[in-house]
Amino acid sequence: MKAEEIRKMSDEELPNEFAFLTQFRYVDGTLPKMGEYPNLTFEPLITGRYCVSVPEGHEIYRYSSISLSTVLKYPILILSGTEDIIGAMLSAYGTPRKITLIDDYAVFNQMIQESNTYLTLNRMSSSFETSLTVNRRKNILLKEEIHTDFGVVYHNDRPLSPVTVEFLDAVRRYCMKHYGTAEQ
């Protein structure tokens, strides 16, 4: 969810009771800063550590961890819907050499499967503390230990309905079973 969407949600009625949100934690704070929206509550469902996804054959493929300053030297592929968050995160560590924005998820997915050039940033899909290879791409942990919280955001003055609470409990159990957490 983009920062401007959170601002809009903070000022207006939600079409539903809640929205899902991924919040990055890096360097000296969070992005977006949920404290700037006192009428909203963010409740994390799972926390994960961030990594860089490297194609097989790339010169940094052999690394087990890497600094973001090294990652910034290579072309990075970003899905346009995450540009304001990932772009801001990257710029906190330096100036990327080249970023390619892709609007369509199917095109983005095809490019990361077929390209031997582009790096992507991903949340680890489990609590692994070591590198993981998936679909000829290796997830390498970042030395900066950037984390993300995936959760729900809702208005403080509108309690969630019992049906929504039950649904979010099911989502939480699913996330814990299939994705785990990087920290307790």
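Remember, it's a predicted structure, so these values are computed and weren't measured experimentally. Quick note: numbers below take in every heavy atom, side chains included, and nothing from hydrogens, waters or symmetry partners.
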So, using side-chain contact (heavy atoms from CB on, under 4.5 Å) as the criterion, who are the partners of N116 when residues are at least two apart?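 Per chain and number, N116 pairs via side-chain contact (heavy atoms from CB on, under 4.5 Å) with P55.
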State which residues pass side-chain contact (heavy atoms from CB on, under 4.5 Å) with S91; sequence neighbours excluded, sorted by chain then number.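 Result, side-chain contact (heavy atoms from CB on, under 4.5 Å) vs S91: none returned.
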Interatomic spacing from [atom1] in [X] to [atom2] in [Y] - rounded to 0.5 Å:
{"X": "S67", "Y": "K73", "atom1": "OG", "atom2": "NZ", "answer": "7.0 Å"}
{"X": "M89", "Y": "L68", "atom1": "CE", "atom2": "CG", "answer": "6.0 Å"}
{"X": "F108", "Y": "L101", "atom1": "CZ", "atom2": "CG", "answer": "10.5 Å"}
{"X": "L72", "Y": "K98", "atom1": "CG", "atom2": "NZ", "answer": "15.0 Å"}
{"X": "L141", "Y": "C51", "atom1": "CG", "atom2": "SG", "answer": "6.5 Å"}
{"X": "L90", "Y": "L121", "atom1": "CG", "atom2": "CG", "answer": "5.5 Å"}

Counterpart residues, side-chain hydrogen bond (donor to acceptor under 3.5 Å, both in side chains), relative to [X] (two or more places apart):
{"X": "T100", "result": "Y118"}
{"X": "E114", "result": "Q110"}
{"X": "D157", "result": "none"}

Do the side chains of [Y] and [X] get nearer than 4.5 Å, heavy atoms only?
{"X": "T120", "Y": "I78", "value": "no"}
{"X": "L40", "Y": "H155", "value": "yes"}
{"X": "T41", "Y": "V152", "value": "no"}
{"X": "E43", "Y": "F18", "value": "no"}

Non-hydrogen atoms of R137 and S115 that approach each other most closely: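 The answer is NH1-O, 3.9 Å.
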Closest non-hydrogen atom pair, I66 against E144: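 Closest pair (atom of I66, atom of E144, distance): O-OE1, 4.0 Å.
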Could you work out, with ring pair (Phe, Tyr, Trp, His ring centres under 6.0 Å) as the rule, every residue matching F150, not counting sequence neighbours?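 F150 satisfies ring pair (Phe, Tyr, Trp, His ring centres under 6.0 Å) with F20 only.
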Taking ring pair (Phe, Tyr, Trp, His ring centres under 6.0 Å) as the definition, give me every residue that meets it alongside F42, ordered by chain and number, with sequence neighbours left out.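 Applying ring pair (Phe, Tyr, Trp, His ring centres under 6.0 Å) to F42 gives none.
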Pick out which of I112, T117, I99 makes a side chain to side chain contact (heavy atoms under 4.5 Å, CB included) with L77.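 Considering I112, T117, I99, a side chain to side chain contact (heavy atoms under 4.5 Å, CB included) with L77 is found only for I112.
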Could you walk me through whether I102 and M111 satisfy the side-chain contact (heavy atoms from CB on, under 4.5 Å) test, starting with their C-alpha distance in whole Å, then the side-chain angles of each, then the deciding distance to 0.1 Å, before giving a yes or no? CA-CA 9 Å; I102 304 295; M111 284 185 72; 3.5 Å; yes
With side-chain contact (heavy atoms from CB on, under 4.5 Å) as the criterion, how do I146 and Y93 come out once you've worked through the C-alpha distance, each side chain's angles and the decisive distance to 0.1 Å? CA-CA 11 Å; I146 299 168; Y93 291 94; 3.8 Å; yes
After noting the C-alpha distance and the side-chain angles of V107 and D103, does the key distance pass the side-chain contact (heavy atoms from CB on, under 4.5 Å) rule? CA-CA 8 Å; V107 173; D103 291 325; over 6 Å; no
Report the C-alpha distance between V52 and N122 in whole Å, list the side-chain angles of each, state the deciding distance to 0.1 Å, and finish with yes or no for side-chain contact (heavy atoms from CB on, under 4.5 Å). CA-CA 6 Å; V52 60; N122 298 320; over 6 Å; no
Verify the ring-centre separation between H58 and Y74: is it less than 6.0 angstrom?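 Centroid separation for Y74 and H58: below 6.0 Å.
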K138 side-chain N/O to Y61 backbone N/O, donor-acceptor pair under 3.5 Å: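 Yes, K138 side chain to Y61 backbone: donor-acceptor pair under 3.5 Å.
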Using residues 160-169 as the side-chain source, report each donor-acceptor pair under 3.5 Å to any protein atom, sequence neighbours left out, with the distance given to one decimal.
residue : atom : partner : partner atom : Å
S161    : OG   : E17     : OE1          : 3.0
S161    : OG   : T164    : N            : 3.2
S161    : OG   : T164    : OG1          : 3.0
T164    : OG1  : E17     : OE1          : 2.1
D169    : OD1  : R172    : NH1          : 2.9

